[in-house]
Amino acid sequence: MTLATALTPIRPAIQALQPQLVQWRRTLHQRPELGFREVETAARVVELLRQWGYQPQTGIAQTGVVAVISGSRPGPVIGLRADMDALPIQELNTVPYRSQIDGVMHACGHDGHTAILLGVAHYLAHHREHLRGTVKLIFQPAEEGPGGAKPMIEAGVLENPRVEAMFGLHLWNDLPAGSVGVRSGPLMAASDFFRCQIQGRGGHGAKPQQTVDALVVAAQVVVALQSVVARQISPLEPAVVTVGEFHSGHARNVIADQATLGGTVRYFNPDLAKVIPQKLESIIQGICHAYGATYRWDYEYLYPPLVNDPAMTELVRSVAQQVVEPGLGILPDCQTLGGEDMSFFLQEVPGCYFFLGSANPSKGLDFPHHHPRFDFDEAVLSLGVELFIRCLEQYGR
Ligand code: NI
């Protein structure tokens, strides 16, 4: 298939959707909802899907929505996934479509992901005669945690009919609008969380010899935990240990009896899932023992590493080469230690998750994800639709 013949038939129809994509995105942006509370969002998605003739299933993993469409010719069953949730952030943008919900904001672009998947749904419903096989459109709740992908899989979204390949994308302000970041193998990291409560013995600030100072013990733990990545993991294995919470003490002249630490661990290599928590705990144990403190330790595996299938990645790369404007490019080694629960789907089904560049500094649209002024260049929404449609068309060819 040459570039010209590949582009002509579908591009105008998809580009004609651009005003609607922007409108759907802005409507969602104004009414952001946190994970597993995407009630209005899901209702909006369902309303549109029904208008186009779908019979969506609702309430999957609480607020998830799934719609299935089959073409006139037999073929593969492919899943496309978008996440729908927002974040507990107060929006500082002053755009007319800014969040109307106090303290909640679409600060990661999931409103755009939902709009793009709606665009795909619209396109497929209106071009069913060209569709081969079956497409499952998966609108997922709670990507920002605790995660809607796993409960959706447990609810059977990959079955009846069985999904054999999956694609998903994330709008990405680390990349210029219109470029694509895609990588075979690990793209995003495992995302684990831990909490450690250190118990000492409190007392008078002037009589440390009568106490076990939990704050001092915890301070040493914080510093020593960094040595796990720096000194016990191969420097060729990317990993991060971040302590993001430290709570201890309440008066200047009182020695704290307790300290609580909380943090996150990120890595690509699944073998580290066992190794890192063991090494972290052995440091905590050793330091607490040395000072006569005790501890309680909780380690939670939230999301596994996101690993792209080589063949599916090659398909996305070749599709991107057909649609990305020359000069913008396809970034082959785009990788982040951010987490993403699309990883659960990709553990079950070969697939590819990729980044669609969405930053446009000339329009001030380059704040990072999760920033109160995050916004993205909406011009890329139709490109997202086109990438998905072309992946569907070209899969298995
Ligand atoms: Ni996100």
Side-chain angles (χ1 to χ4, degrees), residues 24-25 27-50 54 56-68 79-91 99-118 121 136-159 163 166 168-171 188 190-195 244-245 262 264 298-304 306 338-349 353 369-370 372 374:
W24 297 331
R25 183 263 162 161
T27 305
L28 296 169
H29 191 86
Q30 285 180 302
R31 310 290 301 168
E33 295 170 298
L34 296 175
F36 293 127
R37 294 184 218 163
E38 305 92 335
V39 176
E40 219 181 291
T41 307
R44 179 81 188 126
V45 165
V46 165
E47 185 193 334
L48 289 168
L49 290 172
R50 288 202 177 123
Y54 288 89
Q57 284 176 270
T58 61
I60 303 169
Q62 301 183 47
T63 44
V65 177
V66 173
V68 178
L80 300 178
R81 172 271 205 178
D83 41 12
M84 302 189 289
D85 57 321
L87 285 153
I89 293 174
Q90 179 69 41
E91 176 155 14
S99 170
Q100 295 171 350
I101 314 280
D102 237 18
V104 186
M105 176 191 177
H106 270 293
C108 199
H110 300 185
D111 47 349
H113 305 166
T114 305
I116 288 170
L117 199 55
L118 284 170
K136 226 178 230 190
L137 304 160
I138 301 172
F139 295 89
Q140 183 209 298
E143 188 284 321
E144 301 288 359
K150 198 170 178 216
M152 282 194 104
I153 294 165
E154 285 162 1
V157 296
L158 295 176
E159 305 301 328
V163 174
M166 266 188 90
L169 67 76
H170 207 302
L171 293 165
M188 298 180 77
S191 180
D192 300 346
F193 288 85
F194 64 85
R195 199 171 289 286
E245 283 180 30
T264 185
D298 283 306
Y299 192 92
E300 183 197 357
Y301 295 100
L302 194 67
Y303 301 159
L306 185 147
E340 167 58 67
D341 73 347
M342 177 77 182
S343 54
F344 285 111
F345 287 116
L346 298 183
Q347 279 186 334
E348 302 291 323
V349 181
Y353 191 70
H369 293 258
H370 297 205
F374 173 82

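Each residue takes its place number in the sequence, starting with 1.
Ion pairing of Glu245 with Arg195 is present here, as a side-chain N (NZ or NE/NH1/NH2) and a carboxylate O approach within less than 4.0 Å.
Note that the OG atom of Ser343 and the OH atom of Tyr353 stand 10.0 Å from one another [nearest 0.5 Å]. The line from CG of Asp111 to OG1 of Thr27 is 10.5 Å long, rounded to the nearest 0.5 Å. Annotation: the span from Arg25 atom CZ to Gln30 atom CD amounts to 10.0 Å, rounded to 0.5 Å. To the nearest 0.5 Å, atom CD of residue Glu40 and atom CE of residue Met84 are 12.5 Å apart. With rounding to the nearest 0.5 Å, the separation of CD1 in Ile138 from CG in Leu158 is 5.5 Å. Atom-to-atom distance recorded for Ser99:OG and Gln90:CD is 7.0 Å, nearest 0.5 angstrom.
Contact record, Phe345 with Ala149: CE1-CB, 3.5 Å, taken as the closest heavy-atom pair. Contact record, Ala42 with Thr63: CB-O, 3.5 Å, taken as the closest heavy-atom pair. The nearest pair of heavy atoms linking Val68 to Tyr54 is O-CD2, 3.9 Å. For the pair Leu49 and Ala67, the tightest heavy-atom approach, listed with the atom from each and the gap, is CD1-CB, 3.9 Å. Residues Val163 and Gly79 approach most closely at CG1-N, 3.5 Å, considering heavy atoms. Closest of all the heavy-atom pairs between Phe36 and Pro151 is CZ-CG, 4.2 Å.
With Leu117 as the partner, the side-chain contact (heavy atoms from CB on, under 4.5 Å) test is satisfied by one option alone out of Val45, Val65, Leu80, Asp83: Leu80.
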For this session: Would you please test Asp298 and Phe194 for side chain to side chain contact (heavy atoms under 4.5 Å, CB included) and show each step?
Result: CA-CA 6 Å; Asp298 283 306; Phe194 64 85; over 6 Å; no
For this session: Evaluate side chain to side chain contact (heavy atoms under 4.5 Å, CB included) for Arg44 paired with Arg31, printing each intermediate quantity in order.
Result: CA-CA 11 Å; Arg44 179 81 188 126; Arg31 310 290 301 168; over 6 Å; no
Exercise. Given the rule in the side chain to side chain contact (heavy atoms under 4.5 Å, CB included) test, do Leu306 and Leu346 qualify, once you have shown the distances and angles that lead to the verdict?
Worked result: CA-CA 7 Å; Leu306 185 147; Leu346 298 183; 3.8 Å; yes
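In this structure the side chain of Leu169 reaches within 4.5 angstrom of the side chain of Ile116, judged on heavy atoms. Side-chain contact between Thr264 and Asp192 is absent, with no heavy-atom pair separated by less than 4.5 Å. Proximity of Phe139 to Val66: side-chain heavy atoms (C-beta onward) are nowhere separated by under 4.5 Å. The shortest distance between side-chain heavy atoms of Ile101 and Pro32 falls below 4.5 Å.
His369 and Phe374 have tilted rings, their planes meeting at an angle from 30° to 60° on a 0 to 90° scale.
For the residue pair Glu91 and His106, no side-chain donor N or O sits within less than 3.5 Å of a side-chain acceptor on the partner. Side-chain polar atoms of Tyr303 and Glu340 form no donor-acceptor pair below 3.5 angstrom.
Applying the salt bridge (Lys or Arg N to Asp or Glu O under 4.0 Å) test to every pair with at least one member in residues 138-156, sequence neighbours left out, gives no pairs at all.
At distances below 3.5 Å, not a single donor-acceptor pair connects side-chain atoms of Glu348 with backbone N or O atoms of Ile153. A donor-acceptor distance shorter than 3.5 angstrom exists from the side chain of Lys136 to the backbone of Val157, with no hydrogens or angles considered. A donor-acceptor distance shorter than 3.5 angstrom exists from the side chain of His113 to the backbone of Leu171, with no hydrogens or angles considered.
By the side-chain hydrogen bond (donor to acceptor under 3.5 Å, both in side chains) test, Gln140 pairs with Arg81, Asp341, sequence neighbours left out.
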